Amino acid sequence: MTIRIYNTMSRTKEIFEPLSPGKASVYVCGPTVYDSCHIGHARSVVVFDVIVRYLRAGGFEVTYIRNFTDVDDKIIARANQLGLDPMAIAEKYIREFYEDMDALHVLRADHEPRVTQFMDPIKAFIKKLLDNGMAYQIDGDVFYAVEAFGGYGKLSGRKLEDMEAGARVGINEKKRNPFDFALWKSAKPGEPAWDSPWGPGRPGWHIECSAMAWQHLGKTFDIHGGGKDLIFPHHENEVAQSEGAFNEPFARYWVHNGFVNIDQEKMSKSLGNFLMIKDVRKSYHSETIRLFLLSNHYRSPVDFTDKAMDEARAGLDRIYTFLERAEAAVGPPAESAETAGEHWRRFTEAMDDDFNTALGIGVLFEGVRTANGLMDARTDDALPRVGAVRDDILRMGGILGILNQTPAAYFSGRRSSALAAESIDASEIEALISERTEARKARDFARADAIRDELARKNIVLEDRPDGTIWKVDG
RNA sequence: GGCGGCAUAGCCAAGUGGUAAGGCAGCGGUCUGCAAAACCGUUAUUCACCGGUUCAAAUCCGGUUGCCGCCUCCA
């Protein structure tokens, strides 16, 4: 298979040719753990989760690194605000991160390093930059000298001169150039600090990723990912650091995901419209969230609205309804899927083209329609083909990180969570359904319809199937 | 001021030179006691607008308008 990836560095789709054939090294910037994760974090993590799953499915031996930034100004500020230890804050939000991401079926990375565990490599890295003349020390601070790195700006497509023309640069008279950034920050009283040749302090924000990628993946590796907002300054500065230290190419493919907007507005502190994953999870199934996040191309913005989420839920219901029907028709899926079929092939074509999950999801739905049609047709050869298409669909689900449940478990979960909002419980519903079944047998359709209407008012939808009546909660 | 992106049916959204995927919603039909679900059919001669290149453009080029993002912590 040939995968094409849009590389932010070249602004074009390139054929993915890893450094070592058959292997792929991936570094994705993880969260700064000073608050709960919002839906935007979810998108980034889910997008790269899917990319890694797909690379593995394609036979690549992937080494996937995702870090935690557990020392940072924001964490310290938060700790001071709450009167807690910064490390306790970090710990709390790392735990929350795992709760959210596990719920979203995000696979763990192969290594999930934390800044606090990487102080020695970070210091070694800074020393290298000082030795190379790429950095300078002032008092207890060490700054990177952007003018010393000829390629500065090549990732984000900016020129230092152009940016200096802008007026939005913080003033720090210690710096030689306003765009110089801290590699090491001297500690103020009460702040967490580590010893260093330059005095007690902590690493700047950007150096950690350069150091961690170097330690885990080497000087040059394949894919570096993160949100679009990280292109500048964070990733630009990583390039400057790593290439400034080793004089070798850093990441070979830069992959950046777009934002999640809320009702067409960017999430921002001023608007106070941060949507936390844990809150979204209260209203929507984790796979609904994934399906929604993957329904647009990863580089495009995606707009979170109730309507969009309801549509994603309707889509997921449809897929599980199919799986349920297929299971009744041809039995549960085999442990290991057979030879992949036409739908899977088309899905991989979509994914090969810069991980086009939106197109891939379209293929998945076409598979659902095809297989449903086969079951309707009831021809002799239909059932084996249904099984084959179902295998393809489940295989796609394995990449998208959805369809992790049996249909029975999915609908049972849907019912119980949706039922909590209604003033009725399952046993009452079952009793009413039995009564209605008797009424229908007696051809007392008035009574039967009255029961159905009564349940409908409580958002309980009945479906009379050949093998009996089932119920679902609408919404 | 600098850099970049987007504009496709009622809504969401793929599609980067060869004649418009998919989803949601709607309508007609099959099925059903009636429904629901499912399936079938149907819904853009057209891809913001104006020019240009080409046998051929939603797709390339130039311009116009509108929206958005980054340049500051941010996924």
Side-chain angles (χ1 to χ4, degrees), chain A residues 8 11 13 28-32 34-35 37-48 72-74 77 153 156-159 161-170 179 205 225-234 236 256-261 264-269 274 291-292 295-297 299-303 305 307-308 310-319 321-322 324-325 346 350 353 356-377 440 443-446 448-449 452-453 456 461-466 469-472 474:
Chain A
T8 305
R11 285 156 220 283
K13 281 185 201 170
V28 175
C29 288
T32 299
Y34 71 104
D35 201 351
C37 288
H38 58 244
I39 191 72
H41 292 106
R43 185 180 195 196
S44 180
V45 173
V46 165
V47 160
F48 289 102
D72 174 86
D73 292 350
K74 292 192 292 294
S156 56
R158 300 155 207 274
K159 300 189 192 80
E161 311 86 73
D162 292 341
M163 291 193 291
E164 285 175 74
R168 305 174 74 179
V169 181
F179 286 95
W205 175 34
K228 260 192 161 81
D229 51 328
L230 296 180
I231 295 172
F232 190 91
H234 188 234
E236 190 70 65
H256 292 101
N257 64 275
F259 290 121
V260 179
N261 294 137
Q264 300 190 358
E265 279 181 321
K266 185 187 166 174
M267 282 190 280
S268 73
K269 290 183 174 100
F274 276 89
L291 190 62
F292 161 73
S295 64
N296 284 31
H297 186 92
R299 279 187 280 119
S300 306
V302 59
D303 193 28
T305 62
K307 184 164 178 285
D310 288 347
E311 286 180 7
R313 177 167 58 195
L316 189 64
D317 277 355
R318 177 143 187 256
I319 300 167
T321 299
F322 156 72
E324 188 177 47
R325 191 181 170 199
R346 289 210 286 137
D353 186 9
N356 193 336
T357 53
L359 183 57
I361 288 168
V363 174
L364 194 159
F365 277 110
E366 286 185 61
V368 169
R369 183 150 44 81
T370 301
N372 272 326
L374 286 166
M375 284 189 280
D376 277 2
R440 290 178 70 216
R443 303 197 68 78
D444 180 0
F445 296 120
D449 290 350
R452 188 169 63 198
D453 291 346
V461 180
L462 301 188
E463 289 179 26
D464 296 326
R465 300 195 181 182
T469 299
I470 66 137
W471 60 277
K472 292 181 173 175
D474 187 21

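Just so we're on the same page: letters track the sequence lines, and every chain starts at 1. Please read these numbers as outputs of a predicted model, since none were measured by experiment.
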Counting only distance, no hydrogens or angles, is the base of B/G33 paired donor-acceptor with the side chain of A/Asp449 under 3.5 Å? yes
Please confirm whether any donor atom in the side chain of A/Arg440 sits under 3.5 Å from an acceptor in the base of B/G33, or the reverse. yes
Any base atoms under 4.0 Å from A/Leu364, or only sugar-phosphate, or nothing? Heavy atoms, all strands. nothing
Tell me the partner of B/A14, counting only Watson-Crick (N1-N3 plus N6-O4 or O6-N4) or G-U wobble (N1-O2 and O6-N3) with both under 3.5 Å; none if nothing fits. none
Describe the nucleic acid contact of A/Phe232 in one word from base, sugar-phosphate, nothing, applying a heavy-atom distance below 4.0 Å. sugar-phosphate
Which residue, A/Arg11 or A/Asp353, contacts RNA chain B at a nucleotide closer to its 5' end, judged by nearest heavy atom? A/Arg11
Using Watson-Crick geometry (N1-N3 plus N6-O4 or O6-N4) or G-U wobble (N1-O2, O6-N3), each under 3.5 Å, B/A35 is paired with none
Kindly point out which of B/A38, B/G2, B/G23 is positioned nearest to the side chain of A/Arg158? B/G2
Base, sugar-phosphate or nothing for A/Ser300? Non-hydrogen atoms, less than 4.0 Å. sugar-phosphate
Quick one: the side chain of A/His38 and the base of B/A75, do they pair up donor-acceptor inside 3.5 Å? yes
If pairing means Watson-Crick or G-U wobble with both distances under 3.5 Å, then the partner of B/C67 is B/G5
Counting distance alone, no hydrogens or angles: does the base of B/A35 have a donor or acceptor under 3.5 Å from a partner atom on the side chain of A/Arg452? yes
Could you tell me whether A/Glu463 contacts a base, only the sugar-phosphate backbone, or nothing, with contacts defined as non-hydrogen atoms closer than 4.0 Å? base
Using atom C1' in both nucleotides, what's the gap between B/G17 and B/C73 to the nearest angstrom? 44 Å
What's the gap between B/U19 and B/U30 when it is taken at their P atoms, as a whole Å value? 35 Å
Check this for me: does any side-chain nitrogen of one of A/Arg465 and A/Glu324 sit under 4.0 Å from a carboxylate oxygen of the other? yes
Give one of base, sugar-phosphate or nothing for A/Gly157, where a contact means two heavy atoms less than 4.0 Å apart. sugar-phosphate
Pick base, sugar-phosphate or nothing for A/Asn261, based on heavy-atom distances below 4.0 Å to the nucleic acid. nothing
Starting at atom CZ of A/Arg346, determine the distance to atom C1' of B/G15, rounded to an integer number of angstrom. 13 Å
Mind calculating the distance between NE2 (A/His297) and C1' (B/U8) to the nearest angstrom? 17 Å
Sticking with atom P, work out how far B/C50 lies from B/A13, rounded to a whole angstrom. 24 Å
Verify stack between A/Phe365 ring and B/G22 base, 5.5 Å, 30 degrees: no
So does A/Thr469 get a backbone contact from the side chain of A/Asp464, meaning a donor-acceptor N/O pair under 3.5 Å? no
dist A/Arg299:CZ -> A/Asn257:CG (nearest 0.5 Å) comes out at 11.5 Å
Answer yes or no: side-chain N or O of A/Glu366 and base N or O of B/G22 forming a donor-acceptor pair under 3.5 Å. no
For nucleotides B/A20 and B/G1, find the distance between their P atoms and express it as a whole number of Å. 42 Å
Check every atom of B/C11, B/A13, B/C74 against the side chain of A/Lys74 and return the nucleotide holding the closest atom. B/C74
So, taking the atom named OG in A/Ser44 and the one named NE2 in A/His38, what distance separates them when rounded to the nearest 0.5 Å? 9.0 Å
Contact class for A/Gly227 (heavy atom, under 4.0 Å): base, sugar-phosphate, or nothing? sugar-phosphate
Distance-only side-chain donor-acceptor flag, A/Lys472 / A/Thr321, under 3.5 Å: yes
Could you check which nucleotide pairs with B/U42 in any of the strands shown, counting Watson-Crick or G-U wobble with both distances under 3.5 Å? B/G26
Whole-Å distance between B/C3 C1' and A/Lys159 NZ? 9 Å
Can you tell me the distance, in whole Å, between the CD1 atom of A/Ile231 and the C1' atom of B/G69? 10 Å
Sugar-phosphate, base or nothing in reach of A/Met267, heavy atoms under 4.0 Å: base
Need one value for A/Ala308: base, sugar-phosphate or nothing, where a base atom within 4.0 Å counts as base even if backbone is also close, heavy atoms only. nothing
Does a salt bridge link A/Asp353 with A/Lys13, judged by any charged N lying under 4.0 Å from a carboxylate O? yes
Start at the 5' end of RNA chain B and walk down; is the nucleotide closest to A/Asn257 or to A/Gly373 reached first? A/Gly373
When rounded to the nearest Å, what value does the distance between C1' atoms of B/A9 and B/G4 take? 29 Å
With P as the reference atom in both, quote the distance from B/U45 to B/A21 in angstrom, rounded to an integer. 14 Å
Atom-pair distance (NZ on A/Lys228; P on B/G5), nearest Å: 10 Å
State which of B/A14, B/C74, B/C11 makes the closest approach to the side chain of A/Asp229. B/C74
So what's B/C60 paired with, Watson-Crick or G-U wobble, going by both distances under 3.5 Å? B/G52
If I pick the P atom on B/A37 and the same atom on B/G51, what distance separates them, to the nearest angstrom? 47 Å
Taking the basic N atoms (NZ, or NE/NH1/NH2) and the acidic carboxylate oxygens, is any pair closer than 4.0 Å for A/Arg440 and A/Asp449? no
Would the base of B/C39 count as contacting A/Arg369 through its side chain, where contact means a donor and an acceptor less than 3.5 Å apart? no
Is any NZ, NE, NH1 or NH2 atom of the basic residue among A/Asp310 and A/Lys307 found under 4.0 Å from an Asp or Glu carboxylate oxygen of the other? no
In terms of side-chain heavy atoms of A/Asp376, which of B/A14, B/G33, B/C39 is nearest? B/C39
B/U46 and B/A57: how far apart are their P atoms, nearest whole angstrom? 14 Å
From the candidates B/C11, B/A14, B/U16, the one with an atom nearest any side-chain atom of A/Lys13 is B/U16
Counting only distance, no hydrogens or angles, is the base of B/C34 paired donor-acceptor with the side chain of A/Asp464 under 3.5 Å? yes
Select base, sugar-phosphate, or nothing to describe what A/Arg43 touches, counting heavy atoms under 4.0 Å on all strands. nothing
Within this structure, what is the CD1-CZ distance for the pair A/Ile39 and A/Phe292, rounded to the nearest 0.5 Å? 6.5 Å
Would you indicate what A/Val260 reaches in the nucleic acid, counting non-hydrogen atoms under 4.0 angstrom: base, sugar-phosphate, or nothing? base
For a quick check of understanding: with a heavy-atom distance under 4.0 Å over all strands, which category does A/Gly30 fall into, base, sugar-phosphate or nothing? nothing
Pair partner, B/U72 [Watson-Crick or wobble, under 3.5 Å]: none
